[in-house]
Amino acid sequence: MRIGNLRTDHIVNPMGYQMDVPTFTWVVEEAAGKIQTAARVRVASDKAMTQILADTGMTAEASSLGTQLAVALSPRTRYYWDVTVQSDAGEEETSEAAWFETGKMDEAWTAKWIGCDDSVERHPIFGKAFSLDKEPACARLYICGLGLYNAEINGKQVSAEKLTPYCTDYNAWVQYQTYDVSELLKEGDNALDVTLGIGWYLGRFGFASHAGDVGGYYGDRWRLLAELHVVYADGTSDVIATDDSWQVTRSNITFSNIYDGEHRDDTLPATAPEAVVLLNEREDWKEAMTQDPAAAKPLNVTERLSLPVYAQEELKPVELIDTPAGEKVFDIGQNMAGAFRLSVHEPAGTKVHVQVGEVLQNDCFYRDNLRTALAEYWYTSDGEPHVIEPMFTFYGFRYVKVDGCTNLTKDSLVALAYYSNVTPAGCFESGDAKLNKLMKNISWGQKGNFIDVPTDCPQRDERMGWTADTQVFVPTASYLTDSWAFYRKFLHDLALDQAEHGGMVPDVIPAFGNASCSSVWGDAATIIPWDLYLYHGDKTILERQYDSMKAWVDYIRELDGDTHAWRDHFHYGDWLALDNPAGGVDQVKGGTEDAYIADVYYMNSAEIVAKSAALLGKEEDAAAYGALVEKLRREISEEYFTPNGRCAITTMTGYILALYYNLTPHRDRALKSLVAMLKTKGNKFVTGFVGTPLVSRVLSAEDCDRQAYNILHDERYPGWLYEINLGATTVWERWNSMDENGMVSSTGMNSFNHYAYGAIGEWMWQTMAGISPDPEKPGFKHAILRPVPDFATKTVKASYASAAGTYRTEWETLSETSVRVKVEVPFDATATLILPYAKPEDAVRELSAGVFEITYETAEPLVIHLGIHTPLQELLDDPRAQAVLGQNFHEVFMVPGQYKNLSLAELSVMFGGGEEVEAKMRQLDELLSAL
Ligand code: BGC
């Protein structure tokens, strides 16, 4: 037995994070037993685990999904913990000790906020030169700098983290970070220098800002707060803290902000960020000003919740392109977010200009869809060779255009993919290269939109925490990575912003002045915590978010009143769906009535509150919100369904919601209408943000897996593979972001890295890999394994490191009627294995931990043989048949709807027949039956 993945509050060895009662989680592997019979968690003050501070004792109650243990925590202290697990095979094993370390907690800061002249554009470097008269044994830096900071000790960066102190509702809280800097200090002279950037706090950002604006929504002054705690071998200690003894000079960074990029001028008599300036060389540094407490806005500085953002991957360009317009453009080969390193050696005074874009147009550089975001970098050379790297901004890009550099080669640049430090969880590989590419694109969509905040897109002048985009993507993100801690921080911000707005959830979080809300968007407040609970089985997220969840439902209830006023409120609705009768490439509104969507999501949120209340033992609330759900369900039924079950909302999304949220007892009617509508639309989704994440799931829940697969395989517009055929390396914002000729359809609102439609990842995991959580036993202590074979895909092999351990599934179609399936259920978990298309007696098995391999005969063939006797509509519904017809007999696409129930054989007779037609039919029959 091996015990690993020990996490405190879902983070490996967290240092300086917000913490009350810590939650401990672990995963057991390589056990002989199948279940954990008991476990014991201990917390100690020493690594050897001899000074025990808290102990659960050996108990059956200790769950690997989350065991809380109250410890009287002191500030700036490291604690160790381990876990002993017993199994039903008589094993007992104790893990290695993991640790967590507290930050300053309630301890008062010795440090004072310091600042400097804000009218100077050159970014300040605050510095303190100091001498240590003994060898330091251990040191921590507690630091917050606004807008952004980059701290160095003796010329070495204290951390590889980017964009600290991250993006929050700064009115409500500002995070400080804690770094272990023991290795950077030495006996004798030392220097601590901190460069400040503009970032989200001081610069233009969000809808309240405009091109060229200076000044931020939250702040208007550079500020720094830092405390360096040094402990010597003899146990004595020193604190070096920001105060009026600090000095300030100006860096060679003359401009920065999130949207517009950064400027650096090395001709300035300035300290290059990488230079070390020691004690005796600082005469020209001016005195730093202590902030005037009366003038300065008070800030609530707390421990962090943000996971670190790192340059996680370095991508070498696949090509340096000389474009027809004479431009030098690096192609990174991947749409991503982050920055770059560029080697420059140009004569002094040379100006180098770097710009980024997501796609080429007519083989030339293009960036018009970034709207007002300049997304550039200006560098003025001092004549020396340098490797330049932006410090206080990030970009969303695939292409990098460089002007002003001679002798560029493909090796002159490397792209740096930034993203929050979430642990990869899922590996997915299928027999279909395009579907593998899609999963890869979805994963890159997540990376680029996981820079501290879950954003809509990382490139244009938005990059904001749009709540619906996040809400629909959480399950997919939960398969790809362990994102718990990442979303916890977002939900913390959400609750704080919401509290400032009387329960209303602003459309973007952090709000940056946004004060509007909509259904589906605001419902992130309930859906995200519930999904996290479902995927991780740790109830603490429901406890933490309970007030926020309830406040959102109460907000709607009050607004709704007795007149259903929520229906008339502004809603984004089925955003970007293609079924608005008004049409248009710039169209944003879908064709489904907003009021219906709003009512359904209101009911769903109330239901989540009711379920959460029941789980948390809040019985009164459970009853009250349960009654509200019943009332809303009744009202929805009365308003939108006839007594016989006809849905008054006759759009795809209308039927999808009816099925997904179980709005009608006449499910068959809704399904029939949905399937019929799909047929009339050529088996194409025309859904937007509301319908798209659910439609495939609804089809699979109704045993229409074949249809869901067909839609996914379809390469025509609109669809996921359409994008891939046009070279997409992430998921696009709109189905029609680019037209069939590869031309950008519009620039008003059009990103090529928008993960919302990547929510199809959830279906791919649940149906192709076949791994789903069971709401009755959340956190994958029990899983529903339903790997659905598909003849065209041939095989899928997946592994998912769930909160409860790693599930593996694998299937392969051996023939048209036989499938080999292999699944693995982790220790201390169980699963229900459902084998689609199997004979009823073979179809369901209950599994305990272990590896199981089954080969089974299907009750029906996996392939439907096609030919000239197949009804035309069925041929048109099948992407492979479509391709054959498109290449050989495209006239069939013009056949009027009323004839589509006839076969090609029948149609050919009807339209005259003849020898030539018969020969064509024979050829087609061969091609179709070979599919
Ligand atoms: C964003 C979306 C967002 C939407 C809300 C857009 O500008 O990029 O993804 O959800 O606005 O309407």
Side-chain angles (χ1 to χ4, degrees), residues 167 204-211 258-259 335 337 358 368-373 375 396 442 445-446 448-451 453-474 476-477 490 493-494 497 504-525 527-528 569-578 580 584-592 594 597-598 601 653 687-694 723 730-737 744-760:
C167 179
R204 78 175 185 105
F205 190 79
F207 284 152
S209 80
H210 302 97
I258 299 289
Y259 291 155
N335 199 343
E358 292 188 285
D368 293 356
N369 63 322
L370 306 193
R371 297 198 306 219
T372 70
I442 294 170
Q446 178 183 355
N449 285 292
F450 258 45
I451 296 185
V453 171
T455 50
D456 55 339
C457 56
Q459 72 297 83
R460 67 172 178 236
D461 50 359
E462 286 204 52
R463 314 187 202 181
M464 292 187 280
W466 278 99
T467 41
D469 307 45
T470 311
Q471 181 261 101
V472 300
F473 195 72
V474 170
T476 302
F490 179 74
D493 256 318
L494 182 146
D497 268 328
M504 186 205 82
V505 178
D507 290 329
V508 297
I509 301 292
F512 285 87
N514 176 300
S516 62
C517 77
S518 158
S519 64
V520 183
W521 272 246
D523 295 295
I527 296 174
I528 299 176
H569 188 275
F570 167 78
H571 298 288
Y572 294 106
D574 196 15
W575 189 248
L576 302 187
L578 299 173
N580 187 324
V585 285
D586 273 322
Q587 184 56 258
V588 290
K589 295 290 289 179
T592 305
D594 289 349
I597 298 174
Y601 275 77
T653 295
T687 47
F689 271 37
V690 176
T692 307
L694 306 180
E723 306 183 6
T730 37
V731 177
W732 297 347
E733 177 170 20
R734 292 170 176 270
W735 293 120
N736 56 1
S737 286
V744 172
S745 59
S746 74
T747 53
M749 200 191 77
N750 198 358
S751 111
F752 292 89
N753 190 359
H754 228 78
Y755 63 28
Y757 287 162
I760 186 65

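Model, not experiment: these values are computed from the prediction. We count residues from 1, following the sequence as given. First listed ligand is number 1; within each ligand, the first listed atom is number 1.
For T653 and D574, the side-chain atoms include at least one donor-acceptor pair closer than 3.5 Å.
Residues meeting the ring pair (Phe, Tyr, Trp, His ring centres under 6.0 Å) test with F450, sequence neighbours left out: F486, Y487. By the ring pair (Phe, Tyr, Trp, His ring centres under 6.0 Å) test, F512 pairs with F205, Y218, sequence neighbours left out. Under the rule for a side chain to side chain contact (heavy atoms under 4.5 Å, CB included), the partners of S518 that lie at least two apart in sequence or sit in another chain are D507, W521, H571, Y572.
Atoms OG and CG, from S209 and D461 in turn, are 7.5 Å apart once rounded to the nearest 0.5 Å.
Every protein residue with a heavy atom nearer than 4.0 Å to ligand 1 is included here: D456, R460, E462, W466, D469, W521, Y572, W575, F689, E733, M749, H754.
Partner of Y755 under the side chain to side chain contact (heavy atoms under 4.5 Å, CB included) criterion, out of D469, T730, V731, V472: D469 alone.
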